[in-house]
Amino acid sequence: MSVKHTKYLIANSVNETIELLQQYTDAKIISGGTDLIFNYKQKNANASHFIDISNVTDLKKITITENELIVGACVTLEELTSNDFIQSHFPVISEAAKEIATPVIRKNATIAGNLLCDNRCVFYNQSEWWKESIGKCLKCGGDVCIATGGKKKCFSKSSSDLAPLLLVCDAYVTVISHQTKKSIPLKDIYTGDGLQPHTLNNSDLIVSVHIPLTQRKYFFYKLRARRSIDFSSLTLVLSFEDKTGMLKIGIGAVDPQPILWTYSVSENNFETFIQSKIKKIGIVDNDFFSRDYRKNLLQNKLSDWYRNIVG
Amino acid sequence: MVDDPSVMEYKKIKIMISVNLNINNKEYELLIQQDEMLSYTLRERLQLKGTKTGCDQGSCGACTVWIDNTPFLSCITPTMKAVGKKVTTIEGITEIPDYNHLQQLFVKYGAIQCGYCTPGMVMTALAFVKNNPNCTIEDIKDAISGNLCRCTGYKKIIDAIAEYAGIRRDKNSKIISLSNSAQENHFNEIGKSTPYIEAYKKATGTADYADDYIFKNVLHCKFLRSPYPHAKIISIDTTEALSIEGVKYIVTGKELPCKFGVLPISQDETALAVDKVRYVGEIVAAVAAETEELCEQAIQKIKVEYELLPAFLTIEDSLKETDCFIHDHSQKYKCNIHKTADIKIGNKDDAEKNSDVVQSMEVDFEGINHGFTEPHACTAWYDEKGINIITATQVPHYLHRTISKVLNLPLHKVRVIKPYVGGGFGGKSDPFPHEIIACYLAMKTNRPVRVKLSREEVFLTNHGRHPSKIKISIGADRSGNIQFIDGEMKIDGGAYGSFGVVTTYYNGSLLQGPYATKYYGYHSTRVYTNKPQCGAMRGHGGVNARFVAECVIDEIAHQLNMDPCELRLKNILPSNTLTLGQFRITSNGLKEALLAVMEESKWKERYGKLPYGHGLGVACGWYISGSLLPIIWNEYPQSVVHLKLDFDGRILLTSGASDIGQGTDTVLPIIAAEVLGINKDYIQCVMADTLLTPVDLGSYSSRVTFMAGNATKAAAEKLKDEILNCISKRKEIHKSNIRIKNNSFYTNNGEKICDWQEAVDITLSQRGAISVSGWYISPKLGGDYKGAGAGLSPSYSFCAVIAEVKVNPDTGEYKVLNIWGAHDCGKALNPLAVEGQLEGSWHMGLGQATTEQMQYHNGHLLTNNFLDYKIPTSLDTPDIHATIVESNDPEGPFGAKECGEGAIHPSIPAIANAIYDAVGVRINSLPITYEKVYHAIQKNKIKDIL
């Protein structure tokens, strides 16, 4: 009998990566590996091959054009916290990146890796033995969601902190898929389905993240039990554009996908707007903090920020 | 180029790849698995055991190494990532003087206790300071916030890194001595801050922990564990598993039916489940095979048929009348009670009559786990001496007895060796199934058998603090004099007994201090549930009840409009007294401790005057300094120490006392050296090997410094006497006219007689090499009522803590800003070690207060890893300010008492009381999550509106 070991390939250029992705259809891309290997060890991320792109220099650049900030897929979270341009023009990105995981993990974890973090749930992020013992949940091949006591839908939480932030920033990603380069609005890479949270295929490679340069005011808040290590229990971002009176709200860790709401201050019914929106969030008790508490904080924070903006 | 390596078949199981690795500037050509992690390659293939693994999932930082000078968590980094790059491990940085300097600073500052997190911490810190030479203290706290330390509270680690980074930091700990004795000034070794003798080994990764030993021809062992909380085992079929080539033996419960347990009165456990399983995770079968992978394959092939039984998962479940019992001996209770204790002392009616104010509070406590960074590990082998096991244990002696009992071997055919242990806190103090199984498999296969538990298995092994529901009522007169203390405790013991009978009593018996009362009583019940068993954890038995009592006292002060410190000062027991339950209090420095933290925290100026959201809270506590009674009743001494002096002038100190990071191996030589008047460098230890060292009962109940310390002192005095006799005879000077100081012998007039080496020659020429034995037997103490022995100790430590918090009333989020603690440890024989114990205790208290919990779902442990089980990081840990109070205990060695456990007691309620001061809410369950604070504030707001 034999044990299946994932093979490891190292790519040195974007083209080589694309070739390998075409050759090995069951491969997974690895860069920092801080999320992937964690999930691999829990048997939540199987692949015939890992294709390591952390040596591809083209993916590690930060470029500023007239209209946008372009961040290579393999730019690390630490670089996001320390890059001069980002610190001065998008301090909120530095701030958010600095609150992810730990300083050592941030040295290796990348922007694209964070956007593509697997969804998390206390019933899913467990050892193989544990999951077999309790009876596997939907996300690992079982019949029902354990967190909700038997629903037929997966409520695993989107766990990326950068996703709600970059949604608010109107970011899009450049993806190479089967030799074709295309731009995809960030929100379109998320499915809303906890089982398969991302629309990208195994053969797709994110090469860069594009963030339009805009003049906005940002608010950022993250709830977690400890000030380091922990994944988010609630990530909340709000941007306000004075010129247009547009509010954008990004929310992470409460739903199978990062959430984006837009609102114009001219509508003048913010509380009602928030309340009706919150009802639609797929938030369940699968976190250190309860569903109700996270909903309360979400509502309170947004209301506070709103008052702060409109006075 | 795409790596397209020559792939080779290896034993038809593994497809390996040949790679070149540069590790510590040395080139290696290695065969590895393509998906193996760097920590595995380093530890298992290259035997670079300095890199530790604590969680194996990137949540603790112990495994940190560098790749091209950038820190990586090697347990989640595929080795393939390092191909073509330079890997640096703790072994590598040790050779570079500039880097080695930080390791030396870790030693100097006492930043190392158990030392298991140290290599990873050093790697993270070095990389940080190299790249951020102008960093601040806050930057350092942030930089190491992914490296968990369970021992130190990070304070001394931050101090060491700060000096390395050139930051000056004032020392903020101090010592208050209550003695007027002039003797103190004459100590040579006592009272000097001394880094642990083995600290440099730990700093450099060369100290061997249980899983670091390398054995030839070793078999691996892994376990099949129960997926059900409560089920009958109908059948186990191992045929297919055994047919796998390389699988050597599979043991199931029927082969090892002999029951054991750490306490003679609750021998209710077996090494493997025999007829039924009692918790999710209980061992059902164990496989010994050539590789870990083969073990895992075999486990998949073992077929077990179960018949499910009703599961009892909460205290309420187990108190319901039933005819289904987790253990048959619960039948007499008609429910799943394990043990009850009922004690009432004094006249309650009178005490109630005299109480002008009565307050009570009921608190729910989640179970918590020791969270030591080193997972359990052991290797056992069988030879002409019998069975030998090297294992991460804090009580070799009870394991020795248990192995002998379960494997039916004579006591003289069992040898237990304690290596360096990566933290215990009570969690390595029971004899464990995996240890017994390893021994059995070693006998059956005649090969060394190695076991290492995953972090999840460590959590399932548990033996942590009991989930509890505790109600305490306290009455006081209008002047604040406590009249009565009454407790009702229900504790959830999990599936087996462990130390639970003791826990049942300690919950109540430790309420008879540190305050005087006219009446105290309790009714305590321990239930069995179908969860991993609970046992002893730092501050065993007293911590949860102390929390409730201190919150109630705080409320009484509030009701009486009294300063809670003043109320406490009023009630503190005096020195040299008996408690209601006839515990003998000798030295007591609690009053001075409380006054010290009041001053340090500027309590009088600030308490009650801080703005809403900002608060101070106080609490006190006490603890035993060694259990007066041995666990297995006998008339032997509780601790024996041997000293051997031979021609080389070195004194070999042998003792069964177990250093698990608290500094035993350092403090015993300090004591011996002080008595003998020589430098402690002359004294070398061989410790905790039951073949070589005399019996000590182990590291539990904070007994080691007191008991093994007294035994060391006694042995040293005997040795000194022998030497003086010989010198007296040879030099014709009366013994009473000879002094030893600074390694030389003098007459009382100060004339030098001889130096140490000459004294050794004089002595040995008259009677050969000397061996002496010293021992400690505790005095006969205590009342004659049932349960009088629980909590009885030859001496007690006392502690006061003030905590400062800031709460965000809008979210309930809060941060503990400061902890001021003062602890009466009698005498700080090694102040550096005492501070470390105190700081670590308060950090552990912070964890239980704020974030730590063992959460279950239908009997399945959810928080079974260091991501979900939330030990506070360096960023969560406040500034800690330690004051040592020295009350000079009359019976402790040079006046010393315990300092490892007592300090945790007041830290948790001090935080809760500070939250009350800040926002006016009392949280009646632990941990105090932000959420609970938020909801309590909301509730108060509604109350205010109504």
Side-chain angles (χ1 to χ4, degrees), chain A residues 1-3 5-12 16 19-20 23 30 33-34 36-38 40-42 49-50 52 54-55 98 101-108 122-123 125-127 129-130 132-135 146 221 223 225-231 288-290 292-294 296-297 300-301 304, chain B residues 1-3 12-15 17 33-35 37 56-59 61 64 70-73 76-78 80-81 83 124 128 142-148 225 227-228 244 280 293 297 454 456 810-813 851 857-858 860 862 864 866-868 870 872-876 929-931 934-935:
Chain A
M1 66 194 300
S2 68
V3 172
H5 285 281
T6 300
K7 298 196 183 77
Y8 205 96
L9 305 167
I10 296 166
N12 291 307
E16 212 171 84
E19 278 171 34
L20 287 170
Q23 196 178 342
I30 178 170
T34 52
L36 179 66
I37 297 297
F38 183 103
Y40 179 69
K41 284 191 159 188
Q42 295 187 332
H49 293 74
F50 290 137
D52 189 327
S54 60
N55 292 342
K98 200 166 190 306
T102 73
V104 170
I105 288 175
R106 292 198 294 270
K107 287 178 194 294
N108 306 300
V122 287
F123 297 95
N125 294 106
Q126 296 285 355
S127 70
W129 170 81
W130 195 96
E132 277 171 5
S133 297
I134 202 160
I146 300 172
Y221 170 76
L223 171 70
R226 292 179 290 186
R227 289 171 179 81
S228 187
I229 303 179
D230 290 342
F231 279 91
F288 180 83
F289 295 109
S290 76
D292 288 347
Y293 176 62
R294 291 185 289 148
N296 284 339
L297 285 201
N300 296 351
K301 277 280 164 196
D304 283 355
Chain B
M1 273 299 294
V2 174
D3 265 16
K12 291 183 182 170
I13 300 167
K14 302 184 168 191
I15 300 169
I17 181 171
Q33 290 290 343
Q34 295 191 46
D35 62 350
M37 296 302 141
D56 238 358
Q57 64 158 26
S59 307
T64 307
T70 297
F72 277 72
L73 300 171
I76 54 166
T77 301
M80 291 296 291
K81 262 195 174 301
V83 174
T124 300
F128 171 73
D142 179 64
I144 60 166
S145 69
N147 290 68
L148 292 178
R225 292 175 181 272
Y228 301 114
I244 299 172
V280 175
E293 212 161 67
Q297 288 172 29
S454 68
E456 180 180 20
D810 296 332
T811 62
E813 289 167 292
T851 47
H857 180 82
N858 295 341
H860 298 256
L862 287 163
N864 59 43
F866 278 160
L867 194 54
D868 295 311
K870 298 182 188 299
T873 71
S874 51
L875 282 177
D876 303 298
T929 62
Y930 300 156
E931 178 165 2
Y934 171 80
H935 286 303

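Since we're looking at a predicted model, the values are computed, not measured. Below, read A as the first sequence line, B as the second, and so on, with proteins coming before strands; counting in each chain starts at 1.
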Let me know if [X] has heavy atoms under 4.5 Å from chain B in its side chain, its backbone, both or neither.
| X | value |
| --- | --- |
| A:Arg106 | side chain |
| A:Ile229 | both |
| A:Asn55 | side chain |

Roughly how far apart are [X] [atom1] and [Y] [atom2], rounded to 0.5 Å?
| X | Y | atom1 | atom2 | value |
| --- | --- | --- | --- | --- |
| B:Asp35 | A:Tyr40 | CG | OH | 3.5 Å |
| B:Glu813 | A:Arg227 | CD | CZ | 8.0 Å |
| B:Met80 | A:Leu9 | CE | CG | 7.5 Å |
| A:Thr6 | B:Gln33 | OG1 | CD | 10.5 Å |
| B:Thr77 | A:Ile37 | OG1 | CD1 | 8.0 Å |
| A:Lys301 | B:Thr811 | NZ | OG1 | 6.0 Å |

Only pairs of heavy atoms separated by less than 4.5 Å count here; which of B:Ser59, B:Pro78, B:Gly58 has the most with chain A?
B:Pro78
Can you tell me which of B:Leu875, B:Leu862, B:Thr851 forms the most heavy-atom pairs within a distance under 4.5 Å of chain A?
B:Leu862
Going by atom types alone, do B:Thr873 and A:Ser228 pair a side-chain donor with an acceptor below 3.5 Å?
no
List for me each residue that meets ring pair (Phe, Tyr, Trp, His ring centres under 6.0 Å) alongside A:Phe123, sequence neighbours excluded, and say none if there are none.
B:His857
Backbone N or O of B:Leu867 within a donor-acceptor pair of the A:Arg226 side chain at under 3.5 Å?
yes
Is there a donor-acceptor pair under 3.5 Å between the side chain of B:Glu931 and the backbone N or O of A:Ser290?
yes
Residue [X] versus chain A: region with a heavy atom under 4.5 Å:
| X | result |
| --- | --- |
| B:Phe128 | neither |
| B:Gln57 | both |
| B:Asp56 | both |
| B:Asp142 | both |

Using the ring of each side chain (for Trp, its six-membered ring), is B:His860 parallel, tilted or perpendicular to A:Trp130, with breaks at 30° and 60°?
perpendicular
Looking only at heavy atoms, the pair that brings A:Tyr8 and B:Gln34 closest together is N-OE1, 2.6 Å
Against chain B, work out which of A:Ile134, A:Asp304, A:Leu297 has the most heavy-atom pairs shorter than 4.5 Å and name it.
A:Ile134
Residue from A:Thr102, A:Ile105, A:Asn296, A:Thr34 scoring the most non-hydrogen pairs under 4.5 Å with chain B is A:Asn296
Within a reach of under 6.0 Å around NZ of A:Lys41, are more than 12 heavy atoms found that belong to other residues, nucleotides or ligands?
yes
Would you check if B:Pro71 and A:Lys107 make a side-chain contact, meaning some heavy-atom pair closer than 4.5 Å?
yes
side-chain hydrogen bond (donor to acceptor under 3.5 Å, both in side chains) partners for A:Asn108, two or more places apart
none
